[in-house]
Amino acid sequence: MTGNALRPGLLLLIGTAMYSCSPRTAAVATDVNTMPAGVIAGRVRQREAGLASMEGSGSVSFESPERAGSAFFDLTLKKPDSLLMKFEGPFGIGAGFLFLSRQKFVLYSGLDNRVTTGVPGPAAIRSVMPVDLTFDQIMDAFTGGFVLPDVVPARYTVDDGKFLLVYGIDGRTHSYWIDPEYDLVVRYELHASGGNLLLEVESSQMVRRENLCVPRHVTVSFPDEGRRLSIHYTSLELNAGDLSFEYTVPAGAHSSSR
C-alpha cells in the first residue's frame, strides 16, 4: 500500500445504473444441500461473463488519513482490458482523463497541464489511486463484478440469507457473499494469514437492464490503511456499442513517464 495523496479529480471506482433490479419471481432457497457450491459459483460466473462493456457517469468520494475529496466522471469500459475515464470539475469543466489498458497507461491532469505515460504496473496505478489494487481488481471494481476462484471452496455455508464461499489461496482467506436473488457477489473480504482484514468490498442498490444485473453503489475499504472509496452511478448503459476510447492531450502539456 502507498501513502501518496490522490491527485485532485482522480478519485475512482464504481457501481451502476438507472434501471430497477427486480428479484426473481420465485424466491431462491438458501440451502447448501440443494444448491451445491459449484452451481452457485457457475451462476455468478455466467452473470459476470454476460457483461462485455459499459458507458456511464457518476460520482465518487475518497477518504484517507491524508485527505478527502470527491469528483464527477464519465466512463467507457470494455472487458477485459480497456478503460477511459474523463473527470469533470465544477460547472462541467474538464479536469483530466485516465486511459488504462494492460499495455498502456495515460494520465492527464488539467490542473497542472501534465500527462504521465507508462505501463500500468503497481507504481503507475498507485500514482492515480493510493490503494494496492491490481489491474484486474480495478476492472472488477469498475464493473462491480467478481471472478470467483476456479477451485473448490474451503467452506460453503449460508450467512444472513446469502451464500458464503470461502477460499484459502496463498495463505490468504477470500470470502464471497452471494445474493441468491441476483447471482451477484454483494460482499467480499480479504484476510491476511494472521486474520487481519486487508480489503472489504460491499455492493448495494442492484439495478437491471435486460438480463444483466449490477450494483449501483460500491464501497471499497482498506481497514488497516484507514482508506475508503465510495462510488455511485447516476447513469449507465450496459453492453453499449460503438465505444470510443479516443482522447486528446492538449498541446504544450508537460510530460513524464512511469
Side-chain angles (χ1 to χ4, degrees), residues 1-16 51-62 64 66-67 69-89 93-147 190 198-199 201 218 220 222 225 227-231 233 236 240 242-258:
M1 301 290 288
T2 177
N4 294 336
L6 195 65
R7 293 180 181 229
L10 300 182
L11 308 170
L12 316 176
L13 282 168
I14 86 201
T16 21
L51 181 63
S53 65
M54 51 193 266
E55 290 184 308
S57 60
S59 61
V60 60
S61 61
F62 178 81
S64 75
E66 299 85 15
R67 64 178 301 148
S70 61
F72 297 100
F73 61 81
D74 293 313
L75 170 78
T76 302
L77 181 148
K78 184 176 182 180
K79 295 169 60 179
D81 57 9
S82 298
L83 180 151
L84 176 63
M85 205 158 196
K86 298 180 180 178
F87 304 95
E88 289 187 2
I93 298 174
F97 67 83
L98 168 69
F99 173 78
L100 193 63
S101 73
R102 294 187 185 277
Q103 295 79 33
K104 190 175 183 180
F105 166 91
V106 182
L107 171 66
Y108 173 71
S109 172
L111 296 176
D112 54 7
N113 195 29
R114 178 173 295 278
V115 59
T116 303
T117 60
V119 177
I125 292 174
R126 284 196 294 267
S127 72
V128 182
M129 296 174 286
V131 291
D132 191 11
L133 293 176
T134 66
F135 179 90
D136 288 317
Q137 286 174 328
I138 290 175
M139 296 295 286
D140 289 345
F142 276 105
T143 58
F146 293 84
V147 178
L190 172 63
L198 302 177
L199 173 64
V201 182
V218 174
V220 181
F222 300 83
E225 298 285 330
R227 303 176 189 276
R228 180 184 178 93
L229 289 163
S230 298
I231 310 102
Y233 262 86
L236 190 80
D242 300 322
L243 299 178
S244 174
F245 291 90
E246 294 184 359
Y247 55 83
T248 301
V249 177
H254 306 289
S255 63
S256 59
S257 60
R258 287 189 176 273

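We count residues from 1, following the sequence as given.
Considering only residues two or more places apart in sequence or on other chains, S57 meets the side-chain hydrogen bond (donor to acceptor under 3.5 Å, both in side chains) condition with S235. When the side-chain hydrogen bond (donor to acceptor under 3.5 Å, both in side chains) test is applied to D81, no partner is found at least two apart in sequence or on another chain. Residues that satisfy the ring pair (Phe, Tyr, Trp, His ring centres under 6.0 Å) test with F135, not counting sequence neighbours, are absent from this structure. In terms of the side-chain contact (heavy atoms from CB on, under 4.5 Å) criterion, residue partners of K79 (sequence neighbours excluded) are, by chain and number, E48, L51, L77, T143. Listed by chain and residue number, F97, F99 satisfy the ring pair (Phe, Tyr, Trp, His ring centres under 6.0 Å) test with Y247 (two or more places apart in sequence, or in another chain). In this structure, the side-chain hydrogen bond (donor to acceptor under 3.5 Å, both in side chains) partners of N113, at least two apart in sequence or on a different chain, are Y108.
Separation of atoms CG (L75) and NZ (K86) is listed at 11.5 Å; rounding is to 0.5 Å. Between L199 atom CG and F222 atom CZ the span is 5.0 Å, to the nearest 0.5 Å. With rounding to the nearest 0.5 Å, the separation of CZ in F73 from CD1 in I231 is 7.5 Å. The CG atom of D242 lies 9.5 Å from the OG atom of S244; values are rounded to the nearest 0.5 Å. We find the CZ-NZ distance between F245 and K104 to be 13.0 Å, quoted to the nearest 0.5 Å. The NZ atom of K78 sits 12.5 Å away from atom OG of S101, with the distance rounded to the nearest 0.5 Å.
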**Request:** Given side chain to side chain contact (heavy atoms under 4.5 Å, CB included), test F87 with L98 step by step and report yes or no.
**Result:** CA-CA 8 Å; F87 304 95; L98 168 69; 4.1 Å; yes

**Prompt:** Would L243 and E55 satisfy side chain to side chain contact (heavy atoms under 4.5 Å, CB included), going step by step from the backbone distance to the final call?
**Reply:** CA-CA 8 Å; L243 299 178; E55 290 184 308; 3.5 Å; yes

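In this structure a side-chain-to-backbone donor-acceptor pair under 3.5 Å is present from S53 to A240.
The minimum heavy-atom distance linking R114 with S255 is given by the pair NH1-O, 3.7 Å. L84 approaches E246 most closely through the heavy-atom pair CD2-O, 3.6 Å. When every heavy atom of F105 is checked against every heavy atom of V119, the shortest pair comes out as CB-C, 4.1 Å. Pairing each heavy atom of P120 with each of Q103, the nearest pair is CD-C, 3.7 Å. Heavy atoms only, all atoms of each residue included: L236 and G56 are closest at CD1-CA, 3.8 Å.
Between T117 and S257, the side chains place no donor N or O within less than 3.5 Å of an acceptor N or O (distance only, hydrogens not considered).
Residues D112 and H254 have side chains not in contact (no heavy-atom distance under 4.5 Å, counting atoms from C-beta outward).
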